[in-house]
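Residue numbers start at 1 and run along the sequence shown.
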Amino acid sequence: MVNHAVKSHKATDVAIAFCLFVLLFTCYMLAYSGQLHTIDETSMFAVTESMVKWGRLDTNQIAWSQWALSPATAQGSFGLGGNVFSKKGLAISLLAVPLYWIGMNLSGVGFVQTAMLLNPIITALTGTIVFLYSRQLGYSSRVSLWVALLFGLGTVAVVYTKVFSSEPVSAMALLL
């Protein structure tokens, strides 16, 4: 009897987690812009583009930023072969590769728009993980759901769903 109750609670938690993911992702899509906002985002996106299109890690397509910006704000460095490489981390660029590929292979869908879906997906997943982790700590489903909703909709996490930055990936990695 106890084993059946445990299975029932786990099934309920999975259902709640799925609904939570859908709710958070839907909320994030209400604020979705589908455009890059800063040169930092452009630099990380350029790495994704280079990986998908040419199998490289350079950001030669934004080499102009090396001269257009002050040295302190330049987005990369020249390598030995004269290629420009981003000074940003690779995690978000690597994770966005499948989304960029989808954008490249579906007509009428933009590369930037599909890649920009990464942070809403990652943040919705992180909110779901917050819920499941809270349940593992022994909190009720109700308390765990509120904690996850507070994280997902009441913190700076919601702001980072609008940009192509590495903070959502870092948050999820730290939680895991």
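Closest of all the heavy-atom pairs between Thr59 and Ala46 is CG2-CB, 3.9 Å. Nearest approach of Val112 to Gly34, heavy atoms of both residues: CG1-O, 3.6 Å. Between Ile129 and Leu175, the shortest heavy-atom contact is CG2-CD2, 3.4 Å. When all heavy atoms of Asn119 and Ser165 are compared, the pair lying nearest together is ND2-O, 3.0 Å. Heavy atoms only, all atoms of each residue included: Ala96 and Ala115 are closest at CB-CB, 4.4 Å.
Side chains of Val163 and Thr38 form no contact here, defined as non-hydrogen atoms less than 4.5 Å apart. Lys53 places a side-chain heavy atom less than 4.5 Å from the side chain of Phe111. Taking 4.5 Å as the limit, some side-chain heavy atom of Met29 sits within range of a side-chain heavy atom of Leu117. Counting heavy atoms from C-beta outward, Met51 and Leu94 have side chains that approach closer than 4.5 Å. Between Ile39 and Thr42, the closest side-chain pair of non-hydrogen atoms falls below 4.5 Å. Two residues are said to be in side-chain contact when any heavy atoms from C-beta on lie closer than 4.5 Å; Leu149 and Leu23 meet this criterion.
In this structure, CZ in Arg142 is found 13.5 Å from OG in Ser134, a value given to the nearest 0.5 Å. Going from atom CD1 of Ile92 over to atom OG of Ser170 covers 9.0 Å, rounded to the nearest 0.5 Å. Atoms CG and CG, on Leu132 and Leu137 in that order, are 11.0 Å from each other to the nearest 0.5 Å.
Hydrophobic clustering places Leu99 together with Leu95 (ILVMFWY residues linked when any side-chain heavy atoms are closer than 4.5 Å, directly or through intermediates). Transitive grouping of hydrophobic side chains (ILVMFWY, heavy atoms separated by less than 4.5 Å) keeps Val159 and Ile121 in distinct clusters. Criterion: ILVMFWY side-chain heavy atoms under 4.5 Å apart, direct or through other members. Under it, Met172 and Phe25 are part of a common hydrophobic cluster. Cluster membership check: Met104 shares its hydrophobic cluster with Val47, using side-chain heavy-atom separations under 4.5 Å among Ile, Leu, Val, Met, Phe, Trp and Tyr. Residues Met116 and Val156 are members of separate hydrophobic clusters, defined by side-chain heavy-atom contacts under 4.5 angstrom among Ile, Leu, Val, Met, Phe, Trp and Tyr.
Taking Ser141 as the reference, Asp13, Arg135 meet the side chain to side chain donor-acceptor pair (under 3.5 Å) condition, with sequence neighbours excluded. Under the side chain to side chain donor-acceptor pair (under 3.5 Å) criterion, Thr48 pairs with no residue at all, not counting sequence neighbours.
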Thr123 and Leu24: CA distance, side-chain angles, deciding distance, side chain to side chain contact (heavy atoms under 4.5 Å, CB included) verdict: CA-CA 8 Å; Thr123 307; Leu24 289 174; over 6 Å; no
Working for side chain to side chain contact (heavy atoms under 4.5 Å, CB included), residues Ile102 and Val109: CA-CA 8 Å; Ile102 289 169; Val109 179; 5.6 Å; no
Leu57 and Ser50: CA distance, side-chain angles, deciding distance, side chain to side chain contact (heavy atoms under 4.5 Å, CB included) verdict: CA-CA 6 Å; Leu57 295 174; Ser50 289; over 6 Å; no
Trace of the side chain to side chain contact (heavy atoms under 4.5 Å, CB included) decision for Thr155 with Leu150: CA-CA 7 Å; Thr155 67; Leu150 284 171; 5.9 Å; no
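Among pairs with a residue in residues 14-35, those fulfilling side-chain hydrogen bond (donor to acceptor under 3.5 Å, both in side chains) read Ser33-His37, at least two apart in sequence or across chains. Here ring-ring contact (aromatic ring centres under 6.0 Å, His included) pairs that include residues 128-162, with residues two or more places apart or in two chains, number zero. Among residues at least two apart or in separate chains, there is no salt bridge (charged side-chain N to carboxylate O under 4.0 Å, His left out) pair with a member in residues 148-164. Screening residues 90-115 for side-chain hydrogen bond (donor to acceptor under 3.5 Å, both in side chains), with sequence neighbours left out, gives Glu49-Tyr100.
Using a distance-only test at 3.5 Å, with no hydrogens or angles considered, a donor-acceptor pair links the side chain of Glu41 to the main chain of Phe164.
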